> 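First the structure, which I've put down as structure tokens, then a few questions once you've had a look.
Keep in mind that this is a model prediction, so the values were computed, not measured. All values below come from the heavy atoms of this structure, side chains included, with hydrogens, waters and symmetry mates left out.
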Amino acid sequence: ANARADLHLRLAGQFRRLGRLDAATAQLGKLIELRSDDVGCRLNLAAVLADTGRTEQAIEQLKTAVQIDPDSVDSHTQLGFLYARANQLERAAESLHITIAKQPDHLDAHNNLGNVRRLQGKLEQAIEHYRQAIRIRPDVADAHYNLGMAMEEAGQLEAALNHFQH
């Protein structure tokens, strides 16, 4: 069974690299039949489903991954990202807060939570999360740009300009 599972995983990876996402999805589905409690398999399947626009199915895989391993930072982070993509902003914020509680210096979680809060019009919270992302990695252009946008929306034009020039 392990050899078959490894084969499905390798085939899924090859199909994904070739852009044959439906074939990758099929291989990952077969893999999950063999390893239903493997969080990594579900993360891979969720990523391929998301790449093919099947966001709701990807979310279901990630919810199962969280049930299997509530401490999986990757599952909570990806779930937050996909909830945001599906415009389920409060659920996105909840998932990203869990990531940050488990791993306070998670760059993507802070940046994505900033995006969620900005979309909700909660600009001060957005600004704080972008600042945290920049504190974690000062060289990330995305976080500076996002911070600049939030500051501009909050009327902090001079400060926004500094981040756009970064």
Side-chain angles (χ1 to χ4, degrees), residues 9 12-13 15-17 19-22 24-29 31-32 35-154 163 166:
L9 184 59
F15 284 134
R16 191 169 185 199
R17 282 186 285 286
R20 296 179 55 196
L21 299 181
D22 285 339
T25 301
Q27 291 300 319
L28 289 166
L31 179 59
I32 285 175
R35 295 183 179 165
S36 62
D37 61 346
D38 187 319
V39 170
C41 295
R42 292 190 183 273
L43 282 165
N44 280 324
L45 180 55
V48 174
L49 289 167
D51 288 347
T52 59
R54 292 180 274 187
T55 304
E56 287 305 318
Q57 287 177 293
I59 286 171
E60 288 307 312
Q61 288 299 323
L62 292 170
K63 285 165 61 176
T64 301
V66 165
Q67 287 173 346
I68 293 166
D69 181 6
D71 291 326
S72 170
V73 169
D74 290 339
S75 298
H76 288 289
T77 305
Q78 290 306 312
L79 193 53
F81 179 76
L82 289 179
Y83 275 140
R85 181 189 281 184
N87 205 32
Q88 297 178 38
L89 299 180
E90 205 45 52
R91 285 185 175 166
E94 289 169 16
S95 292
L96 294 167
H97 274 296
I98 292 169
T99 295
I100 291 167
K102 294 179 181 307
Q103 195 173 328
D105 283 350
H106 197 290
L107 173 73
D108 290 334
H110 280 290
N111 200 36
N112 287 332
L113 186 51
N115 291 339
V116 167
R117 292 308 190 203
R118 196 170 132 228
L119 287 169
Q120 292 176 313
K122 299 177 178 179
L123 296 177
E124 288 308 313
Q125 289 179 35
I127 287 168
E128 181 53 36
H129 285 289
Y130 294 140
R131 283 188 170 135
Q132 287 293 333
I134 290 167
R135 181 190 56 75
I136 295 163
R137 276 211 33 221
D139 62 328
V140 176
D142 259 4
H144 282 282
Y145 176 79
N146 291 337
L147 178 56
M149 292 297 291
M151 288 178 150
E152 183 179 40
E153 289 172 30
H163 288 283
H166 196 276

> Can you see which heavy atom on Ala92 is nearest to which on Ala84, and at what distance?
CB-N, 3.5 Å

> Within the side chain of Arg42, is there an N or O that forms a donor-acceptor pair under 3.5 Å with the backbone of Ser36?
yes

> Tell me if a side-chain donor or acceptor on Arg137 pairs with a main-chain N or O of Ala143 at a distance below 3.5 Å.
no

> Should Ile59 and Tyr83 count as side-chain neighbours, where that means a heavy-atom distance under 4.5 Å?
yes

> Ignoring hydrogens and angles, state whether a donor on the side chain of Glu128 or Gln132 is under 3.5 Å from an acceptor on the partner side chain.
yes

> Rounded to the nearest 0.5 Å, what separation is found between the CZ atom of Arg118 and the CG atom of Asn115?
6.5 Å

> So, the side chain of Asn111 versus the backbone of Leu107: is there a donor-acceptor pair under 3.5 Å, distance only?
no

> Using every non-hydrogen atom in the two residues, find where Ala86 and Thr55 come nearest and quote the distance to one decimal.
CB-CG2, 4.1 Å

> How close do Ile136 and Pro104 get, counting heavy atoms only, and between which atoms?
CD1-O, 4.2 Å

> May I have the step-by-step check of side-chain contact (heavy atoms from CB on, under 4.5 Å) for Ile127 and Leu147, ending in yes or no?
CA-CA 6 Å; Ile127 287 168; Leu147 178 56; 3.7 Å; yes

> Can you name the nearest heavy-atom pair linking Gln61 to Ala46, along with the distance?
CB-CB, 4.1 Å

> Would you compute the distance between atom CG of Asp71 and atom NZ of Lys102 and round it to the nearest 0.5 angstrom?
4.0 Å

> For the pair Asp22 and Arg54, find out whether any cationic side-chain nitrogen is under 4.0 Å from an anionic carboxylate oxygen.
yes

> Starting at CG of Leu45, measure out to CG of Leu49 and round the result to the nearest 0.5 Å.
4.0 Å

> Quick one: CG on Asp105 to CD1 on Ile100, what's the gap to the nearest 0.5 Å?
10.0 Å

> Could you please spell out the steps behind the side-chain contact (heavy atoms from CB on, under 4.5 Å) verdict for Asn44 and Leu9?
CA-CA 9 Å; Asn44 280 324; Leu9 184 59; 4.0 Å; yes

> Measure the CG-CD distance between Asp108 and Gln78 for me, rounded to the nearest 0.5 Å.
8.5 Å

> Go through the side-chain N and O atoms of Gln120 and Gln125 and say whether any donor and acceptor fall under 3.5 Å apart.
no

> Compare all side-chain heavy atoms of Val39 with those of Ser75 and state whether any distance is below 4.5 angstrom.
yes

> Are any of the side-chain nitrogens in Glu60 or Lys63 under 4.0 Å away from the carboxylate oxygens of its partner?
yes

> Before giving the answer on side-chain contact (heavy atoms from CB on, under 4.5 Å), spell out for Leu96 and Val116 the whole-Å C-alpha distance, their side-chain angles and the decisive distance to 0.1 Å.
CA-CA 10 Å; Leu96 294 167; Val116 167; 4.3 Å; yes

> So, using ring-ring contact (aromatic ring centres under 6.0 Å, His included) as the criterion, who are the partners of His110 when residues are at least two apart?
His129

> Working to the nearest 0.5 Å, report the span between CG of Asp74 and CG of Leu79.
12.0 Å

> Report yes or no: does Tyr130 contribute a side-chain atom to a donor-acceptor pair with the main-chain N or O of Gly148 at less than 3.5 Å?
no

> Salt bridge or not between Lys122 and Glu153? Use side-chain N to carboxylate O under 4.0 Å.
no

> Yes or no on side-chain contact (heavy atoms from CB on, under 4.5 Å) for Arg16 and Leu28, after CA distance, side-chain angles and deciding distance?
CA-CA 10 Å; Arg16 191 169 185 199; Leu28 289 166; over 6 Å; no

> Any non-hydrogen side-chain atom of Leu43 less than 4.5 Å from a side-chain atom of Leu62?
yes

> Which heavy atom in Val48 sits nearest to a heavy atom in Leu21, and how many Å separate them?
CG1-O, 3.5 Å

> Minimum heavy-atom separation for Ala126 to Arg117, with atom names?
N-CB, 3.7 Å

> Hey, does the side chain of Ser72 reach the backbone of Asp69 with a donor-acceptor pair shorter than 3.5 angstrom?
no

> Listed by chain and number, what are the ring-ring contact (aromatic ring centres under 6.0 Å, His included) partners of His144, not counting sequence neighbours?
His163, His166

